[in-house]
Protein chains: 2
Amino acid sequence: MGSEETAARSVDQVADALREDIVFGRLRPRERLIEDELSERFGTSRHVVRAAMATLEQLGLVVKRPNRGCIVKDFTVAEVTELYDLRGVLQLEVARRFPLPPPPGLEDELRELQQRYAQAVADFDFRRIEACDDAFHKVFFRHCGNRYIVEMAELLWQRSATIRTFAYGNREVLAQSVVEHDQICDAIGKCDRERFVDVSVKHLFPALVAFKEAHAGRWSE
Amino acid sequence: MGSEETAARSVDQVADALREDIVFGRLRPRERLIEDELSERFGTSRHVVRAAMATLEQLGLVVKRPNRGCIVKDFTVAEVTELYDLRGVLQLEVARRFPLPPPPGLEDELRELQQRYAQAVADFDFRRIEACDDAFHKVFFRHCGNRYIVEMAELLWQRSATIRTFAYGNREVLAQSVVEHDQICDAIGKCDRERFVDVSVKHLFPALVAFKEAHAGRWSE
DNA sequence: CCTGCCACAATTGTCAACAATTTCGTCGAT
DNA sequence: ATCGACGAAATTGTTGACAATTGTGGCAGG
């Protein structure tokens with residue numbers, strides 16, 4: 001299966017590899033994570049796998065049931081809706097607190113990230129799309145002036161990683177997100193707070209819509 | 001040292017005991033948590049202590065430095081201010097979403113909790129004060145209709161546990177908090193959303209003020 | 001043929017020992 | 001006397017093995 005990293009040693013490396021496997025769909029929702037298998041795959045002991053799973057549980061990517069092991073988190077539509085509801089609340093705060101005009105050089109940095117994002121979308125390269133999107137949004141989180149809001153926003157960003165892939169898989173939605181990133185950059189350039197807040201909050205929800213559509217006809221929720 | 005529980009077995013029990021020790025000040029900020037000592041104290045192996053510390057780190061009660069062990073989290077004034085800033089944001093959401101009129105029986109439940117809280121304050125019994133305060137506030141969290149807001153509000157509630165003790169230690173502040181709980185109950189009884197929101201958000205901050213006063217003349221922040 | 005019980009397999013939870021790292025005291029040189 | 005290097009003690013990180021729990025298939029009884 002997927003990525004046979006030569007010999008990851010630390011807990012964080014294992015956790016990160018598993019995080020990638022989950023985010024990019026190599027591990028599917030409800031799939032079991034068996035400690036023995038993983039410890040063999042990563043060439044480490046079960047203990048580090050255990051610790052890594054604790055980390056992933058905190059990130060909300062897996063669910064641990066006592067004495068029954070771990071499975072990849074499978075979101076219901078209700079959960080995702082509530083998750084994005086909260087993300088909206090936080091994004092509103094983040095956007096309201098972003099410094100306008102932005103610190104020197106920040107706008108250029110954003111534009112460059114935006115350009116790389118657009119290129120990644122054009123190439124339809126999931127990994128780069130995810131990386132650029134990640135970097136772009138974390139810029140805003142990190143300038144909100146409150147470390148706990150930063151932490152929460154980044155945590156929820158992680159938790160919604162598997163949901164965003166429903167957007168990454170659709171070229172139309174992706175194209176629209178590039179447009180929205182542009183609009184966000186423009187609003188910053190013009191110091192238009194109102195527009196910036198509006199666009200950056202609304203920018204969250206296409207991914208939610210894509211998820212809901214993908215789950216439209218499911219029996220068991 | 002404090003509570004010598006006979007034989008705590010699970011990780012959660014150890015984590016909870018340590019949580020209590022930290023919240024009630026038996027373990028002071030910056031104090032080291034040494035795995036060997038704790039494993040001996042709890043009569044368990046170092047692994048469960050390790051896992052418990054991971055839990056506590058997630059709750060934000062301890063800080064783990066690689067290869068250098070754990071210390072009890074020592075908040076700076078800036079951190080506490082930001083923490084309460086975010087708690088304010090969330091409490092606003094929680095209060096806005098609380099169902100008014102409340103579900104049948106809930107008002108009575110709150111009144112009873114409130115009464116027990118008042119009694120605990122009158123007895124100046126820290127443990128009961130903390131327990132009642134905890135139960136009272138979690139009622140609101142759990143009725144906001146969004147499980148992620150619940151989770152985050154409870155997480156921040158835990159994180160601010162050591163800060164609240166600065167309020168618990170002051171009889172005037174405590175008396176005021178009883179009054180505020182009453183006002184909250186009244187606002188609910190009258191279905192006065194505006195007042196309910198206002199009081200329940202403002203209710204957070206006396207603890208912050210108490211903390212700031214206690215740290216007023218400190219050299220190293 | 002279906003239902004409940006029992007033994008076996010798969011998997012997680014726990015423990016004690018070993019290796020690697022950091023911390024702290026001591027000694028010697030300047 | 002102060003500073004830096006060295007070495008021992010303290011502490012964390014990692015490993016393999018064992019115990020406890022849960023899931024599963026077969027078998028007897030209705």
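Throughout, a chain's letter reflects where its sequence line sits, starting with A, and its residues are numbered from 1.
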Item checked: By ring-ring contact (aromatic ring centres under 6.0 Å, His included) - contacts of A:Phe140 (at least two apart) -> A:Phe98, A:Phe136, A:Phe196
Margin query: Strictly below 4.0 Å: does B:Thr44 bring a side-chain N or O up to OP1 or OP2 of C:dC15?
Written below: yes
Checklist line | Along DNA chain D (nearest heavy atom to each residue), the more 5'-positioned of B:Glu35 and A:Arg46 | finding: B:Glu35
Margin query: Tell me which pairs pass side chain to side chain donor-acceptor pair (under 3.5 Å) where either residue lies in residues 50-70 of chain B, with sequence neighbours left out.
Written below: B:Glu35-B:Arg50
Check: Just how far, in rounded Å, is P of D:dT15 from CZ of A:Phe42?
Finding: 14 Å
Notebook entry, point to check: Got a salt bridge between B:Asp108 and B:Arg111, using NZ or NE/NH1/NH2 to carboxylate O under 4.0 Å?
Noted result: no
Next item on the list: Rounded to the nearest angstrom, tell me the gap between atom CD in B:Glu37 and atom C1' in D:dA10.
Entry: 11 Å
Note to self: How many whole angstroms separate atom CG of B:Asp36 from atom C1' of C:dA17?
What the structure shows: 12 Å
Between protein and nucleic acid, restricted to nucleotides 20-25 of chain C and to nitrogen or oxygen atoms under 3.5 Å apart, what atom pairs and distances do you find?
residue: C:dT23; atom: OP1; partner: B:Arg68; partner atom: NE; Å: 2.4
residue: C:dT23; atom: OP1; partner: B:Arg68; partner atom: NH2; Å: 3.2

Item checked: Length of the CG-P vector between B:Asp12 and C:dG13, whole Å -> 11 Å
Notebook entry, point to check: Among all residues two or more places apart in sequence or in another chain, which pass the side-chain hydrogen bond (donor to acceptor under 3.5 Å, both in side chains) test with A:His47?
Noted result: none
Margin query: Filter on salt bridge (Lys or Arg N to Asp or Glu O under 4.0 Å), then keep only pairs touching residues 149-167 of chain B, sequence neighbours left out; what's left?
Written below: A:Glu151-B:Arg159, A:Arg159-B:Glu151, B:Arg142-B:Glu154
Checklist line | Pairing residues for A:Tyr84 by the ring-ring contact (aromatic ring centres under 6.0 Å, His included) criterion, not counting sequence neighbours | finding: none
Item checked: Any residue meeting salt bridge (charged side-chain N to carboxylate O under 4.0 Å, His left out) with B:Asp85, in chain and number order, not counting sequence neighbours -> A:Arg97
Next item on the list: With sequence neighbours excluded, tell me which residues meet side-chain hydrogen bond (donor to acceptor under 3.5 Å, both in side chains) with A:Ser177.
Entry: A:Tyr117
Next item on the list: Select from A:Gly69 and A:His47 the residue whose nearest nucleotide in DNA chain C is closer to the 5' end of that strand.
Entry: A:Gly69
Note to self: Rounded to whole Å, please give me the gap between CZ in A:Arg65 and P in C:dT12.
What the structure shows: 9 Å
Next item on the list: Measure the distance from CG on B:Leu33 to C1' on D:dA10 and round it to the nearest whole Å.
Entry: 16 Å
Pairs: protein N or O with nucleotides 7-9 of chain D N or O, under 3.5 Å:
none

Check: Of the candidate nucleotides D:dT12, D:dT15, C:dT12, which contains the atom at the shortest distance from the side chain of A:Val48?
Finding: D:dT15
Notebook entry, point to check: Tell me: CZ of A:Arg50 to C1' of D:dG13, nearest whole Å?
Noted result: 16 Å
Item checked: Donor on one side chain, acceptor on other, B:Glu180 and B:Gln176, under 3.5 Å -> yes
